[in-house]
Undergrad: 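Attaching a single structure in structure tokens format; questions to follow.
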Amino acid sequence: MMALCLKQVFNKDKTFRPRKKFEPGTQRFELYKKAQASLKSGLDLKTVVQLPPGESINDWIAVHVVDFFNRINLIYGTMSEYCTEKSCPIMSGGLKYEYRWQDDSKYKKPTKLSAPQYMCMLMDWIEMLINNEDIFPTRIGVPFPKQFQQVCTKILTRLFRVFVHVYIHHFDSIINMGAEAHVNTCYKHFYYFIREFSLVDHRELEPL
């Protein structure tokens, strides 16, 4: 059922799709394969997220940030038709939490947006960052910038808000599509990863 949902997303809306791939033969591609193999091996997710011996923590974080971006992008894509300007005029996580958008270009002050607007701004913003060689370098020998983990914290914090919105406002749709197990596994993987490396402030986690 999930595969069918994803196929419909690809056909229906090209906005939501995996946009970043790892180049075969690179160290990061090997790390990605290692992470995927661990996931499929049935290991406990708390163990899967741990840094493999001898590997660079920034490379490990980069691989997961890109992978989570692709996965969460698809999850939102599967139920984006249920998340509309009318159903979700405010990007929120229940009555207590409202998320406003801010960036360095168009929205310089925190701005109230609908959930679909927020999601589009978010995915475009993340895509711009992970394709920026100055922030996510892919060439051998090119170091990560000093603010790399800070940037990743901001990306992962905002991706967590997608889970908050989806779980609180659209979980019925996820159940109806038969995607509940897939979303839950992705969320657990994401949660254990950000906790393992203290990448998201615990106050951000309160809604879930």
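None of these values were measured; they are calculated from a predicted model.
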Undergrad: Contact between Y192 and D44 at the side-chain level, heavy atoms closer than 4.5 Å - yes or no?
TA: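 The answer is no, as the side chains (C-beta and beyond) never meet within the 4.5 Å cut-off.
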Undergrad: Using the ring of each side chain (for Trp, its six-membered ring), is F68 parallel, tilted or perpendicular to H64, with breaks at 30° and 60°?
TA: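 Aromatic pair F68/H64 classed tilted.
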Undergrad: Taking C-beta and beyond as the side chain, do Y97 and E206 meet within less than 4.5 Å on heavy atoms?
TA: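 Sidechains of E206 and Y97: in contact.
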Undergrad: Which pair of heavy atoms, one from L205 and one from Y191, lies closest together, and at what distance?
TA: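 Taking L205 first and Y191 second, the nearest heavy atoms are CD1-CE1, 4.0 Å.
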Undergrad: Taking the basic N atoms (NZ, or NE/NH1/NH2) and the acidic carboxylate oxygens, is any pair closer than 4.0 Å for D201 and R203?
TA: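 Yes, charged N to carboxylate O under 4.0 Å.
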Undergrad: By side-chain contact (heavy atoms from CB on, under 4.5 Å), which residues pair with Y107, not counting sequence neighbours?
TA: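 So Y107 forms a side-chain contact (heavy atoms from CB on, under 4.5 Å) with W101, D103, T111, L113, M121.
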Undergrad: Can you tell me how far CZ of F136 sits from CG of L129, rounded to the nearest 0.5 angstrom?
TA: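 These two atoms lie 7.0 Å from each other.
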Undergrad: Are W60 and E196 packed together at the side-chain level, in the sense that at least one heavy-atom pair is separated by less than 4.5 angstrom?
TA: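 No - every pair of side-chain heavy atoms lies 4.5 Å or more apart.
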Undergrad: Are any of the side-chain heavy atoms of K109 and R100 separated by less than 4.5 Å?
TA: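 Of all side-chain heavy-atom pairs linking R100 with K109, none is under 4.5 Å.
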Undergrad: Determine yes or no for a side-chain-to-main-chain donor-acceptor pair under 3.5 angstrom, with N176 supplying the side chain and D172 the backbone.
TA: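 Side chain of N176 to backbone of D172: a pair is present.
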Undergrad: Determine, using the 4.5 Å side-chain heavy-atom cutoff (strictly less than), whether Y76 and I90 are members of one ILVMFWY cluster.
TA: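 Per the 4.5 Å side-chain linkage, Y76 and I90 are not co-clustered.
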Undergrad: Heavy-atom distance under 4.5 Å between the side chains of F69 and M123, does that happen here?
TA: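 Contact flag for F69/M123 side chains = yes.
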Undergrad: Quick check against the 3.5 Å criterion: does H165 have a side-chain atom that pairs as donor or acceptor with the backbone of G93?
TA: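 Between the backbone of G93 and the side chain of H165 there is no qualifying donor-acceptor contact (under 3.5 Å).
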Undergrad: Is there side-chain contact between Y187 and V166, with heavy atoms separated by less than 4.5 Å?
TA: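 Side-chain contact under 4.5 Å: no.
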Undergrad: On a heavy-atom basis, which atom in P137 and which in P143 lie closest, and how many Å separate them?
TA: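 That would be CG-O, 3.5 Å.
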Undergrad: Taking side chain as C-beta onward, heavy atoms only, is E85 less than 4.5 Å from Q117?
TA: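 A side-chain contact under 4.5 Å exists here.
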Undergrad: If only atom types and distance count, is the side chain of N131 paired as donor or acceptor with the main-chain N or O of E127 below 3.5 Å?
TA: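 Yes, the answer is positive, given that a donor and an acceptor are paired below the 3.5 Å cut-off.
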Undergrad: So that I know where these two stand, are H169 and Y82 an aromatic pair - ring centroids less than 6.0 Å apart?
TA: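 Ring-ring flag for H169/Y82: false, centres at least 6.0 Å apart.
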Undergrad: Under a 4.5 Å cut-off applied to non-hydrogen side-chain atoms, are C152 and F144 in contact?
TA: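 Side chain of C152 against side chain of F144, heavy atoms only: no contact under 4.5 Å found.
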